[in-house]
Amino acid sequence: MPAPATAPPRDRAAILCGLAGWLPPRVVTNQKLSQRLDTTDTWIRSRTGISRRHFAEPGQATSDLAAEAGRRALRSAGVDTVDAVVVATTTPDRSCPATAPLVADRLGLTGAAAFDISAVCTGFVYGLATAAGLIAARVAERVLLIGADTYSTIVDPDDRTNAIIFGDGAGAVVLRAGHADEPGAVGHFDLGSDGAGEELIMVAAGGSRQRSASAPAAAQDHYFSMRGKEVFRHAVTRMTASARTTLTLADSKADDIDHLVPHQANLRILRAVAEDLGLPPQRLVTNVESVGNTGAASIPLALADAAAKHTIHAGERVLLTAFGGGLTWGSCLLTWPALTRIDHPHDTGGTQEP
Ligand code: COA
């Protein structure tokens, strides 16, 4: 059969073209937590791999962190306009309205479509798929996606199981329209959920379920709760299965992956996922040691950290995988693009509490 006169149009895809992270300056070490809680630095490091985390200042909200990360991501991409701003978060400034329009306004992006994604720690991967969909459907040419959380505002500071795990932070990417065979093209994806696991990770009060009840909520119900042991098992199983599904969809094998970037939940979880996938430890990207679990911010913060340290290079295959409350999970495969500028997320003039 004769070759067609013109090549068929290549598939439109979303291309990662900007990346940044931002951490609030206040650093809280394990030693600092152990002054208040019945715990030790040794216990926390051995069970979670976490040494320190960053906390927002009193009065600082998720939009403040998100706007900083967003501003840096726009600078990294070398652009000052986008068609949509998507904020993945479990800790919105308010339950109504969404945080994204406020962030867009703060970034001088008034007029852009703006909405939040609520998929807990899987929010960033869900957000990537949503942004990719907006671009594929020609609703947007360029999208700013931010994962931002201030868990310090919903975790009980006296709850030693959860207070040691979570930190605050924001990470952001800019996606532009391009072609599926370009470096930086996001996808394949796998996304999933199991609402039967709702009670494993939740904030019981503040929503319509509690507000429609005749009795007022107990103070404790306004705090984040988690059944740690069960969550641990689900996190390993779901992230491993989702990563495998994504590899299968992309007709790839674990061996083709240069870097696995999981949601930074707990170092033991991350190592178990890498091991189950048959990946050597040096292909596992982690920054949980210095930031803790930052929810929807964790994957872009880990990417920004690795890219700024030149651990990830253009042309390498990167597999993202996440698990969170809902239950939700998701994975995404991409080839790393050549990014010209990435600020290290720790360059925030950090201060450590005595
Ligand atoms: N310091 C000291 N002891 C602690 C402690 C702390 N910060 N937190 C819990 N303990 C104690 C418990 O009270 C328990 O004591 P007991 O045996 O006397 O009852 C003991 O340590 C074991 O508790 P357990 O909850 O079984 O510990 P664990 O090994 O499961 O570790 C987590 C707890 C929370 C670190 C672990 O379950 C975990 O990481 N889960 C996943 C969390 C996560 O990543 N979530 C995010 C997913 S999106």
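With rounding to the nearest 0.5 Å, the separation of CD in E68 from CG in D64 is 8.5 Å. Atom CD1 of I312 and atom CG of D258 lie 9.5 Å apart (nearest 0.5 Å). Within the model, atoms CG of L19 and CZ of R72 stand 12.0 Å from one another, a figure rounded to the nearest 0.5 Å. Summarising the geometry, atom CG belonging to N287 is positioned 9.0 Å from atom CG belonging to L303; distances are rounded to the nearest 0.5 Å. Note that CG of D181 is 8.0 Å distant from CD1 of I15, once rounded to the nearest 0.5 Å. Residue L37 holds its CG atom at 7.5 Å from CD1 of I44, rounded to the nearest 0.5 Å.
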Item checked: Audit row: D105, T110, side chain to side chain donor-acceptor pair (under 3.5 Å) steps and yes/no -> CA-CA 5 Å; D105 183 58; T110 307; 2.8 Å; yes
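Of the candidates D93, T62, D168, T150 forms a side-chain hydrogen bond (donor to acceptor under 3.5 Å, both in side chains) with just one, namely T62. Of the candidates L284, V285, T321, V285 is the only one forming a side chain to side chain contact (heavy atoms under 4.5 Å, CB included) with V261. For the salt bridge (charged side-chain N to carboxylate O under 4.0 Å, His left out) test with E289, the passing option among R45, R53, R52 is R52; the others fail.
Ring geometry, F166 versus Y151: the interplanar angle falls under 30°, so the pair is classed parallel (tilted spans 30 to 60°).
Listed here is the closest heavy atom pair of L333 and R317: CD2-NH2, 3.2 Å. Closest non-hydrogen pair, V288 versus Q264, comes out as N-OE1, 3.3 Å. When all heavy atoms are compared, the tightest approach of L145 to L128 is CD2-N, 3.4 Å. Residue H259 comes nearest to T311 through the heavy atom pair CE1-O, 3.2 Å, listed as atom of the first residue, atom of the second, then distance. Among all heavy-atom pairs drawn from L301 and W22, the shortest one is CD2-N, 3.9 Å. Scanning all heavy atoms of the two residues, the minimum distance from A265 to N293 falls at CA-ND2, 3.7 Å.
Residues L33 and V28 are in side-chain contact: their nearest non-hydrogen atoms beyond the backbone lie under 4.5 Å apart. Taking the side chain as every heavy atom from C-beta outward, L107 and V85 never approach each other to under 4.5 Å. Looking only at side-chain heavy atoms (C-beta outward), T130 and F115 come within less than 4.5 Å of each other. Residues F224 and D159 are not in side-chain contact: their nearest non-hydrogen atoms beyond the backbone lie 4.5 Å or more apart.
Donor-acceptor pairing under 3.5 Å is lacking for the side chains of T294 and D149. Between the side chains of T48 and N266, not a single donor N or O lies within less than 3.5 Å of an accepting N or O.
By the criterion of side-chain heavy atoms lying less than 4.5 angstrom apart, applied directly or through intervening Ile, Leu, Val, Met, Phe, Trp or Tyr residues, L260 is grouped together with L270 in one hydrophobic cluster.
Look at R12 and E141 and you find a salt bridge, because one of the NZ, NE, NH1 or NH2 atoms lies within 4.0 Å of a carboxylate O, short of that distance. Taking 4.0 Å as the cut-off between side-chain N and carboxylate O, D38 and R160 count as a salt-bridged pair.
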Exercise answer: donor-acceptor pairs, residues 183-203 side-chain atoms, under 3.5 Å, sequence neighbours excluded:
unit_1 : atom_1 : unit_2 : atom_2 : d
H188   : NE2    : L249   : O      : 3.4
D190   : OD2    : S242   : OG     : 2.6
D194   : OD1    : A196   : N      : 3.1

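The neighbour count for R227 CZ, taken as heavy atoms of other residues, nucleotides or ligands under 6.0 Å away, is above 12. Crowding of D158 atom CG: a count of heavy atoms from other residues, nucleotides or ligands under 6.0 Å exceeding 12. Within a 6.0 Å radius of CZ in R268, other residues, nucleotides and ligands contribute more than 12 heavy atoms.
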